[in-house]
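See structure below.
Each ligand, and each atom within it, is numbered from 1 in the order the structure gives. Predicted model only: the values in this text are computed from it and were never measured.
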Amino acid sequence: MQLNIKDTDESRQGESMVLEGRKDNNKKLFIESYGCQMNFSDSEIVASILLDNGYNTTSEMEEADLILVNTCAIRHKAEDTVRKRLTEYNALKKKNPQMKVGVLGCMAERLKTKLLEEEKIVDLVAGPDAYRDLPKLLEDVDDGRQAINVILSKEETYADLNPVRLGGNGVTAFVSITRGCDNMCTFCVVPFTRGRERSREPESIISECENLWENGYREVTLLGQNVDSYLWYGGGLKKDFSKATDEQKTNAVDFAELLDRVAMRVPGMRIRFSTSNPQDMHESVLRTMAKHNNICKSIHLPFQSGSTEVLKRMNRQHSREEYIALIDKIKQIIPNIALSHDIIAGFCGETEEEHRETLSLMEYVKYDFGYMFAYSERPGTPAHRKMADDVPEEVKKRRLQEIIDLQQIHSKERMNSYLGQTFEVLIEGNSKKNTNEWYGRTTQNTVMVFPKIQGTKPGDFVMVRADSCTSATLIGEMV
Ligand code: SAH
Ligand code: F3S
């Protein structure tokens, strides 16, 4: 499994998740997640809320009293996948009319009443900020009332809830630190589906990490749409920070400070974070990363396009030159850093020359890996309202392929550069292909497999020398 679970990472898409239940719970929940890491993390919050309300999780869809699907709306394809699943749930429901089907997450938020009232393919709709309301919504279904809550919140961060860990490896976990996004990139539906940006109270984040440590976890990924923009000042939206009292402003905690505190308070824990936005990634964060051994040396830094003109149309708050300057600074402060990206091919009005600027930026940085997408117009976004989706489909596809091919070359180059070196690897579990081998990752987030040695187990940190590689995996031996 890779650090980022976007809808291109097939390995976890649609993963259904189960945890140990409670004896006195008599109902069964089947919960499936699509989309980003935040959705997987949110599903853990949902399962925790429903565990307190009579539901244990099951991996058998057929035996469920309630099926919930946590959805993604980022690209057209992501919604198509969920629609197919909804058809399958409804076929099951025909056999078992007691069964309830609910849609959660970004597609629920985007389509609001549509799936419930017009298409009548779900019993319940809950947006990303409405999960505390699920027990009441389930009662509404029982009483024959409309069960929908898509209200976005100024405050909700689910800070006090201790998420139950679903379907994981017991070693790595996600911890969400911000919700929503204030950036308004013109192509993106997230600000509409997840609302305005707010940060979670730092102590609740730290105690969740401490709790994970005590339960054997050895790596956390701090999650947010834009983690570098994290700012805690006592609650409320980030945009209202200007209205904070002087005392709140003096005691405010930014992302560098949060990272520093987590790194010190849970010193054995590896810390990752995602996603970073170029305009908000300040030197203080880089210095904090360099200072702490337990903060992993990898940064996911989407750039979307290598052309300043395209970036302007995307309403990204950085230019090509600023991005390059940031990359230079990162490499100077953290020389062993690994970088990854998100790129969109064929955004509105993208010329061949602008596309080549994306390729040349990739050449400059040489990323370890990346997530690459063809632009998919999303209803209601600024790009949809104001710009023409005018790059023909076959041109988008060809440009995307060129980007993927180039990334493939760079990934191989990066992998080769690691050969002969010895890395500290956190063992996450068995290698998928060979149970005599462990699977783990380096601080750079590179996957490594190596023969097991007696006495080692998941959760251990071991030193492994990289002897050979495939395009995405280092193959080594413990030293
Ligand atoms: N800041 C968020 C971004 C979420 S969307 C994060 O946590 O990663 C993830 C990626 O999907 C974006 O970086 C962008 O590359 C891609 N994306 C978003 N909207 C898109 C669209 N309309 N078409 C194609 N790709 C899109
Ligand atoms: Fe979307 Fe841009 Fe925010 S990609 S999630 S609006 S940073």
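In this structure, the side chains of F192 and L152 stay at 4.5 Å or more apart for every pair of heavy atoms. Within the 4.5 Å cutoff, no side-chain heavy atoms of H282 are placed close to those of D228. Contact check for E203 versus R265: side-chain heavy atoms found under the 4.5 Å cut-off. When side chains are defined from C-beta on, I334 counts as touching N336, because their heavy atoms get closer than 4.5 Å. Inter-residue side-chain proximity for K396 and Y375 is flagged as met; some heavy-atom pair is nearer than 4.5 Å.
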Does the ring-ring contact (aromatic ring centres under 6.0 Å, His included) test come out yes or no for Y418 and F423, once each step is laid out?
CA-CA 9 Å; Y418 294 137; F423 296 93; 5.5 Å; yes
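Considering backbone and side-chain atoms together, N226 places no N or O closer than 3.5 Å to any N or O of ligand 1. In terms of N/O distances under 3.5 Å, ligand 1 is approached by F187. In terms of N/O distances under 3.5 Å, ligand 1 is approached by Q225.
Residue contacts with ligand 1 leave out C185, since none of its heavy atoms falls under 4.0 Å from the ligand. Ligand 1 has I344 within reach: a non-hydrogen atom of the residue lies less than 4.0 Å from it.
The atoms of ligand 1 that sit less than 4.0 Å from any heavy atom of R378 are 22 (N). The ligand atoms of ligand 1 that sit less than 4.0 angstrom from a heavy atom of Q304 are 12 (C), 13 (O), 14 (C), 15 (O).
In this structure, R313 fails the cation-pi test against F347, since its NZ or CZ atom is not both closer than 6.0 Å to the six-membered ring centre and inside 45 degrees of the ring normal.
Considering only residues two or more places apart in sequence or on other chains, H341 meets the ring-ring contact (aromatic ring centres under 6.0 Å, His included) condition with F303, Y367.
Using a heavy-atom distance under 4.0 Å as the criterion, the protein contacts of ligand 2 are C181, N183, M184, C185, F187, C188, V190, P191, Q225, N277, R316.
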